[in-house]
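Values reported hereafter were calculated over all heavy atoms of this structure, with side chains retained and with hydrogens, waters and symmetry mates removed.
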There are 2 protein chains.
Amino acid sequence: MTVKTECVFIKKARKQDVREKQTRVQRMCADSSGSASWQQANMPRLKSGGVPTLADVARASGVGIATVSRVVNGGVNVSPETLKKVQRAVRRLGYLPNHAARILKGGRTKTIGLLIPSIADSFFSSCAGTAGEVAQAHDSLLLFAESNNDPALELSNLAVLMQHRPDGLLLVPSSASNRALRLFVQQSPVPIVTLDRPFPGCAAVLTNSFEAAREATLHLVGHGRKRILCLAAEPSLYTIRERLRGYSDAMLAAGLPSLIDTSLAIGAHNAETLIQGHLGSRTPPDAIFTLKNSATTAAYQALQRLKLNIPREIALIGFDDFELAGMLRPALTVVQQPIEDVGRRAAELLFAQLGSDDGSTPPASLRRTRLVLPNRLLLRSSCGCRHSARGPEE
Amino acid sequence: MTVKTECVFIKKARKQDVREKQTRVQRMCADSSGSASWQQANMPRLKSGGVPTLADVARASGVGIATVSRVVNGGVNVSPETLKKVQRAVRRLGYLPNHAARILKGGRTKTIGLLIPSIADSFFSSCAGTAGEVAQAHDSLLLFAESNNDPALELSNLAVLMQHRPDGLLLVPSSASNRALRLFVQQSPVPIVTLDRPFPGCAAVLTNSFEAAREATLHLVGHGRKRILCLAAEPSLYTIRERLRGYSDAMLAAGLPSLIDTSLAIGAHNAETLIQGHLGSRTPPDAIFTLKNSATTAAYQALQRLKLNIPREIALIGFDDFELAGMLRPALTVVQQPIEDVGRRAAELLFAQLGSDDGSTPPASLRRTRLVLPNRLLLRSSCGCRHSARGPEE
DNA sequence: GCCGCCGTTGGAAACGTTTCCAGCAAACGG
DNA sequence: CCGTTTGCTGGAAACGTTTCCAACGGCGGC
């Protein structure tokens, strides 16, 4: 018997020790002071080690735990004076609900997972921004992870993400043919909306890459260009493939030969020698259509270095607008993607699938919704149009 | 007795009901199929409602919960055959640890809070990117929130963020004079590192705005400019104030009058009329120094529209590099900030404060560390230098 | 041959919250 | 004056983990 008691004692002492350590570490920033006057109070220091809990508040205000919980959750069925008393204690102790404990009870985590190739890419950071706004409107937080377009990394980060049990997932799938990802999607306990690229079994918010590329190409054709070079990187990506398809389709319709070079890696030097090579051929291109932001700027820089006159000697249209495209000389004609709308609409679609907080039933049709937002051809002067007369457009 | 039993029964039934509903909602995407062959097995359906738990795995593999936990956490002190058996069950059931339950036990949450003004701002999204890399290296996730530089929003989002109990905080404080924020920082249970702007009591990773602004100004002076207009927006921000100080200091040292206009709101039109106003004065500026990316592009656009020759008639240096600054005609001389390093170093500093996973003691000095990273003056041609000879530099 | 050690295992407590239920007092209708 | 409702309150179970401890069997050393 004594042995047992002693064991218990040891156990308690150890617990205390751990607590002590944790607290010390946690307090590293808080040092002394603080509103911790209550800590030296009469209570046995049983609880109240580090961060205040419901029980601490309950003890400090002399009510039950359940009552404090009710107060924290909106204060229904609580008498005014109790309400006030508890609220004071909450403020005094600086109590914040422990989210982990809340979600352990099975409710929403108020968290949306966002898995994108790279947050440093302005396209995806813009998506993240508007998605974050929507999340905030539903007072949820965004949980970020990056995939670098690498299926393996994507999968492992997805696993980490799912351990946090987000209510839903915004996903930019690296590739539609990823078997493991497809399996995950099928078994996913939460709704998934993909951005920018479709994935079988998921709702998706896309842009009409095909039509936009087709339109841009035909625009160049309309300017009398006959040898339009299409520069693409990473044809493994859905959007790039679609744009390629649009380009080819337009060229075919115009009775012109497709001229595609997918060898462009990121980096200006490569672009320069690459373009130089094309220009030196027997039948040099009289226009370039780039399918990607980095390709566009690389091509532009290369053409500048080669002292080629844009658009007289060679026209240029690029995919994806960027801030200063209109300030360049000549101003760049680009396909402008509705980037921010993609993030916003995807998040809205996701929250629609989650349904309102009241257990209302979200229509099952949302699961397969496919939203296609329109790209816009932003005519400036690099395509041959005379938009540069007044300088950069507003 | 019977009453009590009935009560229990009813209770169970209700629970079941809730479970059922949750499961239905959660499964919306999963439909039928899946690897759920084990669900129709012999066991009473006591547990195993939706997402598999440790107990489910334990039952499926015929061992105890504790053993499964050991397997999941690295499999020390588990016999090889048990290990294999449990691992198979884990895979078959698609078990993922419930993060909430884990952190409820008091460990690290493997989560870093990131509170920035706006993720859509390329400066902060770059920071976020590198910070995210560091976080991933410590297999943690980033929890995002935006403040819009609004102290009230900052505080409320901070409260939401803290409910998720991040292990540490990366913060871009909207203002150092925010009393409530200062109170929060003092009592914060977790270490905080601020980015780009200092805050009393926090470690900080900054850039030497003062020196860089001074250097840029003196560079313009060196080109013989005498009336250098400084365009600033939001002088409430630390970095802007520092840059203003650097400018003023340089002008004073050069015996020139400071010419500061802080009335620039974001938007090109305002900049145009604003600059037009300055140019129409009796003593028009012969150089402009802009303290902010948006001000730089606005000024550049305005000068282009007004058909002013840069740098002959008016020189221009801007704060913050951007991708195409070198491709403009003339190429823009800018102060290049070590954006990515800021995010990376800040995250590293934060994790250093957290200490290694083993309860080692992180040196307390880290708490007040202030890292100042150097800005670089990137000479191109808009300041008067002849760097444009070969076209845009690499 | 007994004792104690070691490797392996499972039971059970604890983490902080929500929520069901019961208890209690006051108010109210009969 | 009693029975019932109503409003407020607190106890306690449950969520899924981790981890402490006890138990158990085998084995080597004395």
Given DNA chain D, 5'-ward residue of the pair B/R102 and A/A101, judged by closest heavy atom: A/A101
N/O (side chain, [X]) to phosphate O (OP1/OP2, [N]) under 4.0 Å:
{"X": "B/S79", "N": "C/dG7", "result": "no"}
{"X": "B/N77", "N": "C/dT9", "result": "no"}
{"X": "B/S69", "N": "D/dT19", "result": "no"}
{"X": "A/T67", "N": "D/dG10", "result": "yes"}

Pair A/D167 + A/K110: basic N to acidic O under 4.0 Å: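 No salt bridge links A/D167 with A/K110.
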Validation row: [X], [Y] side chains within 4.5 angstrom (heavy atoms):
{"X": "A/V90", "Y": "A/V86", "value": "yes"}
{"X": "A/C202", "Y": "A/T194", "value": "yes"}
{"X": "B/L354", "Y": "B/P191", "value": "yes"}
{"X": "A/P166", "Y": "A/M162", "value": "yes"}

Taking the side chain of [X] as its heavy atoms from C-beta onward, which of [options] lies nearest to it?
{"X": "B/K105", "options": "D/dT17, C/dT17, D/dT9", "answer": "D/dT17"}
{"X": "A/V78", "options": "D/dT17, D/dT9, C/dA12", "answer": "D/dT9"}
{"X": "A/R70", "options": "D/dT9, C/dT17, D/dT18", "answer": "D/dT9"}

Rounding to a whole Å, what distance do you find between [X]:[atom1] and [N]:[atom2]?
{"X": "A/I65", "N": "C/dC15", "atom1": "CD1", "atom2": "P", "answer": "11 Å"}
{"X": "B/R108", "N": "D/dT17", "atom1": "CZ", "atom2": "P", "answer": "21 Å"}
{"X": "A/R59", "N": "C/dT17", "atom1": "CZ", "atom2": "P", "answer": "12 Å"}

5' precedence on DNA chain C between B/T82 and B/L104 (nearest-nucleotide basis):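 This one resolves to B/T82.
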5' precedence on DNA chain C between B/G62 and B/R165 (nearest-nucleotide basis): B/G62
With B/H164, the side-chain contact (heavy atoms from CB on, under 4.5 Å) member among B/T109, B/L143, B/I103: B/L143
Sugar-phosphate only, base, or nothing, as touched by B/V72 at under 4.0 Å among non-hydrogen atoms: nothing
A/S61 side chain to A/V57 backbone, donor-acceptor under 3.5 Å: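 Checked: pair present.
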Angle between terminal axes - the helix from C/dG1-D/dC30 to C/dG30-D/dC1, 5 pairs each end, rounded to 10°: 60°
